[in-house]
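For reference, the structure discussed in these notes is given below.
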Amino acid sequence: MALTRIGLNQSINLASNVTGTLPVANGGTALTSGFVNGGVNTPNFRAYLSASGISMSSSTDTTCIFDAENYDTASAYNTSNGRFTIPSGQAGKYFLSACIRNTIDSTNNSFDLLKTMIFQYNSSDSLVLEINNRQNAAFTNKPTGQLNGIFNCSVGDYFLVKQYINDSGHSMVSSTSGNATWFYGYKIIE
């Protein structure tokens with residue numbers, strides 16, 4: 001099969017029965033072995049809350065300690081203190097995501113602010129990402145906060161997920177498979 005240079009606003013149709021390797025030009029050099037794998041997104045982890053729910057006090061940042069893991073390629077997440085720590089030799093950019101579902105107390109459901117936060121701790125110890133959910137609690141069955149972002153990380157930096165609610169009688173919901181309250185992340189290939 002012969003390839004020709006394709007300009008802007010042009011398309012190419014390839015036959016469905018084409019077989020063999022497709023050489024790709026890379027900076028003027030032809031690759032003879034086909035496509036090159038760009039790498040893997042490791043380290044990566046996924047943790048979730050499996051035990052009893054975590055009680056939340058009104059108007060307090062409550063740390064969520066995810067006590068079980070689906071996977072953790074570098075043993076970088078600690079199920080006893082809730083920290084994801086950047087391992088030695090793994091500095092770079094990371095995609096992190098967290099979701100926290102809460103119970104609702106039918107006798108005390110007057111909250112109007114639910115904040116879910118990811119804190120990055122390093123030499124400057126700062127809140128990096130926060131999402132505020134303002135809502136009328138009377139219409140909310142299980143208030144949930146979810147957020148994600150990309151973080152620039154150095155070795156030894158660690159992350160904690162916290163949640164704030166301005167009402168009492170709520171707790172973070174646990175689950176056996178990790179479908180309610182979870183935290184995951186992976187290093188981005190650069």
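We count residues from 1, following the sequence as given.
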Worksheet entry | Heavy-atom closest pair, residues Y94 and Q90 | OH-O, 2.7 Å
Discussion item. Are the side chains of L160 and R83 in contact, using a 4.5 Å heavy-atom criterion?
Written reply: yes
Item to complete: Is it possible for you to say whether Y158 and V155 belong to one hydrophobic cluster, with membership spreading through side-chain heavy-atom contacts below 4.5 Å?
Response: no
Discussion item. Are F183 and F45 an aromatic pair, judged by ring center distance below 6.0 Å?
Written reply: yes
Practice prompt. Quick one: pull up NZ in K187 and OG1 in T73 and give me the separation to the nearest 0.5 Å.
Written response: 11.0 Å
Worksheet item: Does some side-chain heavy atom of T63 sit less than 4.5 Å from a side-chain heavy atom of V161?
Response: no
Response to the item:
Between Q146 and S97, the two heavy atoms sitting closest are NE2-OG, 4.4 Å
Item to complete: Please tell me if the side chains of C64 and T181 come closer than 4.5 Å, counting only heavy atoms from C-beta onward.
Response: yes
Fill in: Centroid-centroid under 6.0 Å between F66 and Y48 rings
no
Worksheet item: Could K93 and F151 be counted as a cation-pi pair, given that NZ or CZ must be under 6.0 Å from the ring centre and within 45° of the axis?
Response: no
Worksheet item: Can you find a pair of side-chain heavy atoms, one from I118 and one from L147, that are under 4.5 Å apart?
Response: yes
Discussion item. What's the separation between atom OH in Y186 and atom CG in N44, rounded to the nearest 0.5 Å?
Written reply: 9.5 Å
Practice prompt. For residues A74 and P87, report the shortest heavy-atom separation together with the two atoms involved.
Written response: CB-CG, 4.0 Å
Worksheet item: When the ring planes of Y184 and W182 are compared, do they come out parallel, tilted or perpendicular, using 30° and 60° as the limits?
Response: tilted
Item to complete: Find out whether K162 and D61 are in side-chain contact, i.e. whether some heavy atom of one side chain is under 4.5 Å from a heavy atom of the other.
Response: yes
Worksheet item: Given side chains that start at C-beta, do those of Q163 and T62 come closer than 4.5 Å, heavy atoms only?
Response: no
Discussion item. Could you check whether R46 makes a cation-pi contact with Y71, meaning its NZ or CZ is under 6.0 Å from the centre of the six-membered ring and within 45° of the ring axis?
Written reply: no
Worksheet item: So, N78 and S80: side-chain donor and acceptor under 3.5 Å apart, yes or no?
Response: yes
Worksheet item: Ring centres of F84 and Y77 under 6.0 Å apart?
Response: no
Fill in: From N148 atom CG to T116 atom OG1, the distance as rounded to the nearest 0.5 Å
12.0 Å
Practice prompt. Answer yes or no: is there a side-chain heavy-atom contact under 4.5 Å between F159 and L96?
Written response: yes
Fill in: Student check: side-chain heavy atoms of Q120 and C153 closer than 4.5 Å
yes
Discussion item. Between T79 and D67, is there a side-chain donor-acceptor contact under 3.5 Å, judged purely by atom types and distance?
Written reply: no
Discussion item. Let me confirm one number: the CD1-OG1 distance from I165 to T60, rounded to the nearest 0.5 Å.
Written reply: 11.5 Å
